[in-house]
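Counting starts at 1 for both ligands and their atoms, in listed order. Along the sequence shown, residues are numbered consecutively beginning with 1.
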Amino acid sequence: MTPSATYHFPAGFLWGTATAAHQVEGSNTTNNWSDWENQAGRIKNGDKAGLAADWWGGRWKEDFDRAADTGQNAHRMSVEWSRIQPTPDHWSEDVLDYYRQMVRGLVERGLTPMVTLHHFSEPLWLAEKGGWENPDTPGLFAAFTRKVVEALKEYVSYWVPVNEPNTYVTCAYLQGVFPPGKKDNAAAFTVLANLLRGHAAAYQVIHALQKEARVGSCTNYRSFQPKRPWLPLDRFITNFLAANYNDAFIRTLVKGRFNYLGKRVRISEAAKTQDFVGVNYYSRDLVAFNFSYADFFSQRSYPPGAQLSQTGFIANVPEGMYEAIDWARRFDLPILITENGVEDSEDRLRPRYLVEHLHQVWRTVNFNWPVKGYFHWTLVDNFEWERGWSQRFGLWGLDLATQKRIRRPSVDLYAAICKENGIASSAVEKYAPESLPVLFPE
Ligand code: FCB
């Protein structure tokens with residue numbers, strides 16, 4: 001007989017989804033990404049963000065309704081710097097006002113807003129000055145932060161200055177798949193150091209303007225494991241990746257000592273500049289030593305036998321979520337899962353991925369580890385960067401041609417969890433029956 005039980009979460013747990021401006025707004029034409037999309041060969045199938053989910057045209061209203069109607073009580077979104085500061089000497093009050101309407105719209109619907117200030121995209125004018133390689137950029141970012149916080153602070157107290165600095169620097173300055181498309185270790189070092197300076201400056205600006213602010217980092221945590229644990233070279237290269245990819249940025253927020261790709265510098269102002277740890281967890285990599293210098297002598301693969309997502313981008317490894325939270329715990333601060341999800345237009349793997357990852361989150365709150373909320377990536381299908389529209393991460397699907405939303409079964413699964421503030425065996429049985437023996441063994 002199937003046991004009937006519910007894994008409850010603590011009262012006040014935040015349940016939401018996460019989005020990013022360039023991925024959902026549409027009609028962004030003056031940032032580095034729109035420029036990148038116009039260059040041949042940069043985006044899969046030549047896709048462009050285009051209208052995206054048309055939030056700039058007002059469809060955020062119906063999507064926020066969807067979130068609220070399905071039991072969510074929080075939402076993480078980002079603001080687009082290139083709209084707010086279209087030229088170096090001009091701030092758009094209209095745009096700030098529009099974002100104010102959006103965050104007020106969240107609060108009016110009972111959704112606690114979290115705002116990310118930099119989520120991969122930046123103004124083209126900034127990119128043309130060298131972006132985050134330019135030592136002036138942290139100061140410009142602080143000025144931008146001031147404008148946003150002044151405009152939105154009535155409604156927002158959770159802030160993330162920079163989304164996934166580790167993904168940004170890796171994709172844009174090591175792998176060359178994000179703009180500006182560089183493969184340059186020295187530039188990567190400079191950029192990550194300046195992102196730390198920008199984060200630190202934003203932290204001070206936010207706290208000076210808002211006493212109750214909670215400002216967090218947001219790391220894309222990969223669960224790296226040696227492919228052949230008995231082989232010292234595999235262990236060495238795994239530790240190298242973990243130290244540089246997962247740890248380098250956030251560790252600097254503890255004592256101000258930045259150590260990345262074999263170089264170090266002191267960034268004292270970055271010490272003690274986070275109030276919570278944001279964890280984005282998607283998957284695990286097995287790491288093997290490789291004689292080629294590419295990818296720092298490493299070759300990554302997914303655990304044999306793991307279920308893979310539709311395009312093979314993500315392996316379903318829920319234990320990695322537990323590991324990610326255990327890692328985040330070392331900073332001794334509240335933890336928020338700021339992203340987790342899977343690309344799946346047919347919603348075959350998503351229900352299972354969702355409940356199995358949330359089960360791991362539940363295990364950790366059950367030990368009183370301080371996890372305060374979970375934001376699923378994402379609410380509605382959106383533009384997935386260099387992978388374009390080939391990946392569909394939404395609880396709701398999106399028909400780009402008509403802007404019609406498609407309600408995937410995971411909508412109702414996630415709604416059942418949010419409304420219950422827990423994972424009920426009945427919901428798992430109904431929406432993810434394959435996971436029943438995993439979560440509720442007989
Ligand atoms: C994360 C990004 C987010 C989205 C998901 C799938 O790394 O922060 O914008 O692309 O991956």
Using a strict 4.0 Å cut-off to heavy atoms of [X], name the atoms of ligand 1 that fall inside it.
{"X": "Phe393", "answer": "6 (C)"}
{"X": "Asn220", "answer": "7 (O)"}
{"X": "Asn163", "answer": "8 (O)"}
{"X": "His119", "answer": "2 (C), 3 (C), 8 (O), 9 (O)"}

Under 3.5 Å between any N/O of [X] and any N/O of ligand 1: does that happen in this structure?
{"X": "Arg387", "result": "no"}
{"X": "Thr167", "result": "no"}
{"X": "Asn280", "result": "no"}

Practice task
Work out whether the distance between some heavy atom of Gln391 and some atom of ligand 1 is less than 4.0 Å.
Solution key: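 Per 4.0 Å heavy-atom rule, Gln391 does not contact ligand 1.
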
Handout entry: Name of the residue among Trp56, Tyr155, Trp60 meeting ring-ring contact (aromatic ring centres under 6.0 Å, His included) with Tyr99
Key =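 Single ring-ring contact (aromatic ring centres under 6.0 Å, His included) partner of Tyr99 among Trp56, Tyr155, Trp60: Trp56.
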
Taking [atom] as the reference point, the nearest protein heavy atom with its distance:
{"atom": "atom 7 (O) of ligand 1", "answer": "Glu164 OE1, 2.5 Å"}
{"atom": "atom 2 (C) of ligand 1", "answer": "Glu339 OE1, 3.4 Å"}
{"atom": "atom 5 (C) of ligand 1", "answer": "Tyr282 OH, 3.3 Å"}

Problem - Test applied, side chain to side chain donor-acceptor pair (under 3.5 Å); reference residue, Thr19; option that passes from His119, Glu339, His75 - result: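 For Thr19, the side chain to side chain donor-acceptor pair (under 3.5 Å) test succeeds with only one of His119, Glu339, His75, which is His75.
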
Handout entry: Aromatic centroids of Phe178 and Trp33 separated by under 6.0 Å
Key =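 Distance test on ring centres: under 6.0 Å, yes.
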
Exercise for the section: Would you please indicate yes or no on a ring centroid separation below 6.0 angstrom for Tyr203 and Trp159? Expected result: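 Between Tyr203 and Trp159, which both carry aromatic rings, the centre distance is not below 6.0 Å.
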
Exercise for the section: Validate the cation-pi geometry between Arg405 and Trp396: distance from NZ or CZ to the six-membered ring centre under 6.0 Å, angle to the ring axis within 45°. Expected result: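 Output no; distance or angle outside limits.
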
Handout entry: Flag, side chain of Asn290 to backbone of Gln299, donor-acceptor distance under 3.5 Å
Key =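 A pair under 3.5 Å: no.
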
Exercise for the section: Return yes when atom NZ of Lys272 has more than 12 non-hydrogen atoms of other residues, nucleotides or ligands closer than 6.0 Å, and no otherwise. Expected result: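 No, NZ of Lys272 has 12 or fewer neighbouring heavy atoms, counting only those of other groups under 6.0 Å.
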
Handout entry: Gap separating the CH2 atom of Trp15 from the OH atom of Tyr374, nearest 0.5 angstrom
Key =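 So the gap between those two atoms works out to 8.0 Å.
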
Practice task
Could you see which bit of Glu384 sits under 4.0 Å from ligand 1, with heavy atoms only: side chain, backbone, both or neither?
Solution key: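 Looking at Glu384 and ligand 1, just side chain atoms fall under 4.0 Å.
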
